Visitor: 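Can you keep this structure in mind? I'll have questions shortly.
Because the structure is predicted, anything quoted here is derived from the model rather than measured. Letters A, B, ... mirror the listed sequences (proteins, then strands); counts begin at 1.
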Amino acid sequence: MKRLVLTLDGAFVLGLGLYMLILSQAESYAAFMNPRFRPLTAGAAVGLCLAAAAFILRPEGAIDLRRTMCFAILGVLALHAGSGSMKGTPGLALKPPPEARIEPDPHVVRDGVPYLKSNPARLFLTVQAGQAASSDQRYITRGIVKRSPQLDRVGMFALLRGNMVCCLADAIAMGMMIASTGGAPPQDGAWVLVLGYVQPLAEPSPITDLGGTSEAPFSMVYDRARLVAESVEPIDRPGFPYVFELPASGRQPLRLTGGDDDY
Amino acid sequence: MPDAGPAHHAHGGQRASAREHGLRSVPALLSSGVSEFLDMGKYLVLGALASAAFKVFLPWQFVQALAGSEFLSLAVLMLLAVLLCVCSEADAFVAASFVYVPPSAQLGFMALGAMVDLKLIGMYVSVFPRKTAWLLTVVPTVCVFALSKLLSGIIEAGG
């Protein structure tokens, strides 16, 4: 009985290691963790698999049915969450070689005017760092609408995007306040595409009643500037709603959200 | 070349034996490591489940209402840090999102969360004697609270 339970414990750890190894190579990894942690996850998975194999061959220690139950629950949760929000993508998606990758154009041209693609979280960090270009710079961005009584009073709404700094559990919805030029504001929770330019505010306007979104329990908007919208268009929710933005540091800012979804 | 003698051969034999013993102990080391991982993993899983439940079901309006006073806001955010188990990679971003609390409360959230949370409390209780586990939980909490209040006072006096 003791040997059986310990072997089961070892099998759970081996299963966890294999799950981590497969996930670290799959596209759906990004549904759980910031992709910059892939090598770390893969390395930890290999170590876990080797250690688990050693444990299965020569198990040791006392049995603890509560810990066996905890790992069984973890296994069930992992199987349930395995597909993440990227269901349908290939299980193993290998990166194409650098020469085969086509870098997307960072601009979208509308009526002859170029708009720089920037998701709301990156726009937040860009403006906060003082790196937003002059008022001539136009931006195109898309995200979730978040309304609140404080924003409604000043005729604005927040445009947010779930930003995964570390992992899904700590994702924060970050974005900008949007001043719409006219018409009814969009519905709370709707996805919209906004074209406009950044306008600094004379006084900071902290929004304290924002709450969370469906993608993240915490939200924040930049309170010293707003995006004046020239156009607000409803869109469908993208297949993968999260972004992976980090503040600029001494090195180049990490831009992991690439491709057509880079705004 | 003069023969090194039986002492040299014995010494070489001891080195080979030690190397073999070391290699044989690697599986034992790995096995022992997994046993420790399983013991601690129990608290990791339970703590993660609890913190996920708090994140999903916690009424945030309640938190905002309690955050009206500086004293309460610091206490509430320190309690949140323990309940939410936010990792140190992202806690600054989460703390920054609490715009309705004073900076001392945000500081308390970041400082305490790294030292005391649901997972760690379980691990402390399982590894250390009860009194030590209690000290490891209470002392950082009291220190963080006192230092956050002190820093807040210094900043207010200076500003």
Visitor: Between atom CG of A:Leu16 and atom CG of A:Leu21, what is the distance when rounded to the nearest 0.5 Å?
Guide: 11.0 Å
Visitor: Counting a contact as any heavy-atom pair under 4.5 Å apart, which residues of residues 79-88 of chain B contact chain A?
Guide: B:Leu84, B:Val86, B:Cys87
Visitor: For chain B, which candidate among A:Arg66, A:Met69, A:Met174, A:Arg67 shows the most heavy-atom pairs at distances under 4.5 Å?
Guide: A:Arg67
Visitor: Do A:Phe37 and A:Tyr29 have ring centres separated by under 6.0 Å?
Guide: no
Visitor: Are the ring centres of A:Phe32 and A:Tyr242 closer than 6.0 Å?
Guide: no
Visitor: Taking the side chain as C-beta and beyond, is there a heavy-atom pair between A:Leu159 and A:Met176 under 4.5 Å?
Guide: no
Visitor: Where on A:Leu6 is there a heavy atom nearer than 4.5 Å to chain B: the side chain, the backbone, both, or neither?
Guide: neither
Visitor: Less than 4.5 Å apart, side chain to side chain, heavy atoms only: is that true for A:Lys146 and A:Asp188?
Guide: yes
Visitor: Which residues in residues 115-126 of chain B have a heavy atom less than 4.5 Å from any heavy atom of chain A?
Guide: none
Visitor: With rounding to the nearest 0.5 angstrom, report the CE to CZ distance, A:Met156 to A:Arg226.
Guide: 6.0 Å
Visitor: Among A:Thr126, A:Asn119, A:Asn163, which residue satisfies the side chain to side chain donor-acceptor pair (under 3.5 Å) criterion with A:Glu245?
Guide: A:Asn119
Visitor: Run the numbers on B:Phe71 and B:Phe145 for ring pair (Phe, Tyr, Trp, His ring centres under 6.0 Å), then give the verdict.
Guide: CA-CA 9 Å; B:Phe71 180 89; B:Phe145 189 91; 5.3 Å; yes
Visitor: In terms of heavy-atom pairs under 4.5 Å, which option from B:Val34, B:Leu38, B:Leu29, B:Leu30 contacts chain A the most?
Guide: B:Leu38
Visitor: Can you tell me which portion of A:Asp9 sits under 4.5 Å from chain B's heavy atoms? Options are side chain, backbone, both or neither.
Guide: both
Visitor: Non-hydrogen contacts under 4.5 angstrom with chain A: give the residues of residues 39-54 of chain B involved, or none if there are none.
Guide: B:Asp39, B:Gly41, B:Lys42, B:Val45, B:Leu46, B:Leu49
Visitor: Under a 4.5 Å cut-off applied to non-hydrogen side-chain atoms, are B:Leu151 and B:Ser104 in contact?
Guide: no
Visitor: Identify which of A:Ser219, A:Pro206, A:Gly47 forms the greatest number of heavy-atom pairs closer than 4.5 Å to chain B.
Guide: A:Ser219
Visitor: Atom CD in A:Glu203, atom CZ in A:Arg224: separation rounded to 0.5 Å?
Guide: 9.0 Å
Visitor: What part of A:Leu168 is in contact with chain B, defined as an atom under 4.5 angstrom from a non-hydrogen atom: side chain, backbone, both or neither?
Guide: neither
Visitor: List for me each residue that meets side-chain hydrogen bond (donor to acceptor under 3.5 Å, both in side chains) alongside B:Ser31, sequence neighbours excluded, and say none if there are none.
Guide: none
Visitor: Do A:Asp170 and B:Lys55 pass the side-chain contact (heavy atoms from CB on, under 4.5 Å) test, and can you show the C-alpha distance, the side-chain angles, and the key distance before you say yes or no?
Guide: CA-CA 10 Å; A:Asp170 302 325; B:Lys55 271 198 194 114; 3.7 Å; yes
Visitor: Need one label for A:Ile56: side chain, backbone, both or neither, based on atoms under 4.5 Å from any heavy atom in chain B.
Guide: neither
Visitor: Once rounded to the nearest 0.5 Å, what's the spacing between atom CZ of A:Arg161 and atom CD1 of A:Ile144?
Guide: 7.5 Å
Visitor: Distance from A:Arg147 atom CZ to A:Gln187 atom CD, nearest 0.5 Å?
Guide: 8.5 Å
Visitor: Under a 4.5 Å cutoff for heavy-atom pairs, which residue among A:Asp223, A:Val165, A:Ile207 has the most contacts with chain B?
Guide: A:Val165
Visitor: To the nearest 0.5 angstrom, please state how far the OH atom of B:Tyr100 sits from the CG atom of A:Leu210.
Guide: 10.0 Å
Visitor: Just so I know, are the side chains of B:Phe37 and A:Val13 near enough to count as touching, which here means a heavy-atom distance under 4.5 Å?
Guide: yes
Visitor: Looking only at heavy atoms, what is the nearest atom pair of A:Ala52 and A:Leu14, with distance?
Guide: CB-N, 3.5 Å
